[in-house]
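Numbered from 1 within each chain, the chains take letters A, B, ... in sequence-line order. What you see is a predicted model, and the numbers here were worked out from it, not measured in a lab.
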There are 2 protein chains.
Amino acid sequence: MIKLSDVAKRAGVSSMTVSRVINHPDKVSADTILRVQKAMEELQYVSNGPAKSLALGQTRILALLVPDITNPFFTTVARGAEDVARDAGYRLILCNTDENPQVEWNYLQMSRSRQVDGMIVSVCDDNSAAHLKVLPIDKVPVVLVDRKIPSEPYLDYVVGDNVLASEQLIDYLITKGHTRLGFVFGNPAVSVIRDRMAGVQRSLKRHDLIWRPDLCLTQARSPGDYRLITDDWIPRHHVTAIFAWNNLTAAHVYHLLVSHGYRVPDDVLVSCFDNPDPLSITNGFIPFVRQPAYDMGRNATIQLLERIAGSGRQGVVHQILVSQLVDRTLTPTTRIAEHR
Amino acid sequence: MIKLSDVAKRAGVSSMTVSRVINHPDKVSADTILRVQKAMEELQYVSNGPAKSLALGQTRILALLVPDITNPFFTTVARGAEDVARDAGYRLILCNTDENPQVEWNYLQMSRSRQVDGMIVSVCDDNSAAHLKVLPIDKVPVVLVDRKIPSEPYLDYVVGDNVLASEQLIDYLITKGHTRLGFVFGNPAVSVIRDRMAGVQRSLKRHDLIWRPDLCLTQARSPGDYRLITDDWIPRHHVTAIFAWNNLTAAHVYHLLVSHGYRVPDDVLVSCFDNPDPLSITNGFIPFVRQPAYDMGRNATIQLLERIAGSGRQGVVHQILVSQLVDRTLTPTTRIAEHR
DNA sequence: CTGTTAGCGCATTCAC
DNA sequence: GTGAATGCGCTAACAG
């Protein structure tokens, strides 16, 4: 591997001069710059990252940790983060924690070990608090995105308006005549789950409908766990609409319903957060809450960069971004989106 | 930041002993190990990555470069790569080049600058050859995935059987009675595009159908470019089926058709490579070629690890993985998939 | 089994 | 404007 001294030798200068040409060209005479640049070109010089990072104490790399890289929601967040990072002269790397705290912990070490300058993290669940707690010790900048952790209020975050949006979605379903509602939630140790549940309950209460735990599925993992829907909810309790906490879950529910001969949305309506059909292949028969994923990534990264620079707001920054209800089954002129 | 010497001081040993406890515990006495581990625990020690990498000459990090992180095909490749990397004790980081050679070049530097031990790359296009050419100079291991580069036959790659699969897909469409076919391809500087075109032409020739350049769209970028389909192909040339080179393109075509009042697949059939509906929300009215994305990621990473270890096959390794034709509109018993 | 020495490649600080 | 010395934190090689 070509190093600084190799370039220096060829250009007939010291290593220091080469270093200056790279970092402080204004402090080097014009013709030596040319000589050095020529040598670098000929030798195809690339600096040694670890050496540079060790000397400088920074990498100009940011990491984005997401729990599920296959979920289009998170790849959109990534795009937002990436665009900001690039414009600021940083590289962005993506790490998939796969909803696995062990893996998450492993990737989090990358920040403590100074392999990245900061991290944007969508945590697995609240238990990640134990891991994140140690980061401030080393003054490692972190910004949470999408999922916050109530027990760690000193952490910056950028999230969606989960409570409000789910409340509005349920309002909407009720308005359309659905009073027998079924719910599919995930791990309640995840903030978005709890917030969306809270929103649901608020809406129900306002409409004098009772919250029925027996019509709520949590922690459903295997396809078999969903059977309650077709075995019990629909035949026995006449559920006409199901709210799934996210796009992937909605897809599961949808499949189950169709495979049991139900028509969606005519027999049973399905709705959720995040676009269950990112390529928009369907006619959009699943009303959903569109979260500003791209902006979440953008804003979180801007915030992270401010933390790294030490500039910007002093106190803790909590951003809550507004979502939008989308129902493509409506005609364009009556679309919910336009009403807001 | 806590460093090795801090731990050493607290444990009453030298830095070297602490280093040994971490890297070669078998060469340290049992009780000193305990003392050191206690000190590390109390001080929350984490090694300095850049320093370690500089001393060791390796990072145990692999990078996967993909042109479009929002395409489910690539995230599936990523999952495959990730699982192999993790099992081998490596971290995998994802980098999105956004089909931009500039950005790609930037990320490629990470390998030359020794910030990662190797790279799995799905190149933007053949022009990336100029960038990849320099990697062997620094003996940086690289394996191409999905997209190969004919001009660089010395590079390992793992790709799909694009020629054969597209030939079979067209065979299938013709068998179903479609003889008026329209095609949407992308940048012909990408190997998969050329290979899929070749397969198409082979099939047409075998069925005594002529290849009509006027019924082929290449380099279509903006939505407006697609208008030829509804303005010309269908009304004037009675095209009844359209082959799109990938899932995202198929989605564009689908939207266009629907917005112009055509029914898919009854009026016009659409087919493509890669699942255009990864969450399977639709009834699958778009027949597509399912590439073994996960295995592509797996195999490419296994190959990369072998290169890094210096073990494994000596010569260049070219893997071509078999794809599968999927048409969900068929009843289960007659599905193409089952026929193979 | 443990400590000392030296070097990984680069950049900051101080001389010239 | 340029060069020489020093240190970033860690580990491999050698002593003891």
Interatomic distance where [atom1] belongs to [X] and [atom2] belongs to [N] [whole Å]:
X: B/I2; N: D/dC10; atom1: CD1; atom2: C1'; answer: 16 Å
X: A/Q58; N: C/dC10; atom1: CD; atom2: C1'; answer: 13 Å
X: A/K27; N: C/dT13; atom1: NZ; atom2: P; answer: 9 Å
X: B/M16; N: D/dG9; atom1: CE; atom2: C1'; answer: 12 Å
X: A/N23; N: C/dC10; atom1: CG; atom2: P; answer: 11 Å
X: B/D31; N: C/dC1; atom1: CG; atom2: P; answer: 10 Å
X: B/R112; N: C/dG9; atom1: CZ; atom2: C1'; answer: 16 Å

Could you check whether [X] pairs with [Y] (Lys NZ or Arg NE/NH1/NH2 to Asp/Glu carboxylate O, under 4.0 Å)?
X: B/R194; Y: B/D126; value: yes
X: B/E104; Y: A/R91; value: no
X: A/R79; Y: B/D98; value: yes
X: A/R86; Y: A/D83; value: yes
X: B/R60; Y: B/D117; value: no

Candidate pair A/M119 and A/L64, rule side-chain contact (heavy atoms from CB on, under 4.5 Å), full reasoning: CA-CA 6 Å; A/M119 281 197 168; A/L64 170 60; over 6 Å; no
Which class fits the ring pair B/H131 and B/W105: parallel under 30°, tilted 30 to 60°, perpendicular over 60°?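 Tilted, since the angle between the ring planes falls between 30° and 60°.
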Are any of [X]'s side-chain N or O atoms less than 4.0 Å away from OP1 or OP2 of [N]?
X: B/H24; N: D/dA12; result: yes
X: A/S19; N: C/dC10; result: no
X: B/Y45; N: D/dC10; result: yes

Tell me what [X] touches on the nucleic acid: a base, only sugar-phosphate, or nothing, going by heavy atoms under 4.0 Å.
X: B/T32; value: sugar-phosphate
X: B/K52; value: sugar-phosphate
X: B/S53; value: nothing
X: A/S15; value: nothing

Can you see whether B/Q109 engages B/Y107 through a side-chain donor-acceptor pair at a distance of less than 3.5 angstrom? no
Contacts under 3.5 Å, N or O only, protein and nucleotides 6-8 of chain C:
none

Closest to the B/S14 side chain, choosing from C/dT12, C/dG3, D/dG1: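 Selected nucleotide: C/dG3.
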Nucleotide of D/dT2, D/dG3, C/dT4 approaching A/V13 most closely (side-chain heavy atoms):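 The nucleotide sitting nearest to the side chain is D/dG3.
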Rounded to 10 degrees, the angle between the two terminal axes of the helix from C/dC1-D/dG16 to C/dC16-D/dG1, each from five pairs: 40°
DNA chain C: B/G12 or A/S47, which has the more 5' nearest nucleotide? B/G12
Walk me through it: do B/E152 and B/L132 pass the test side-chain contact (heavy atoms from CB on, under 4.5 Å)? CA-CA 9 Å; B/E152 312 296 316; B/L132 290 166; 5.7 Å; no
Base of D/dG3 paired with side chain of A/R20 (donor-acceptor, under 3.5 Å):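 Side chain to base: pair found, below 3.5 Å.
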Apply side-chain contact (heavy atoms from CB on, under 4.5 Å) to the pair B/L321 and B/M296, showing each step before the final yes or no. CA-CA 7 Å; B/L321 270 45; B/M296 283 186 186; 3.9 Å; yes
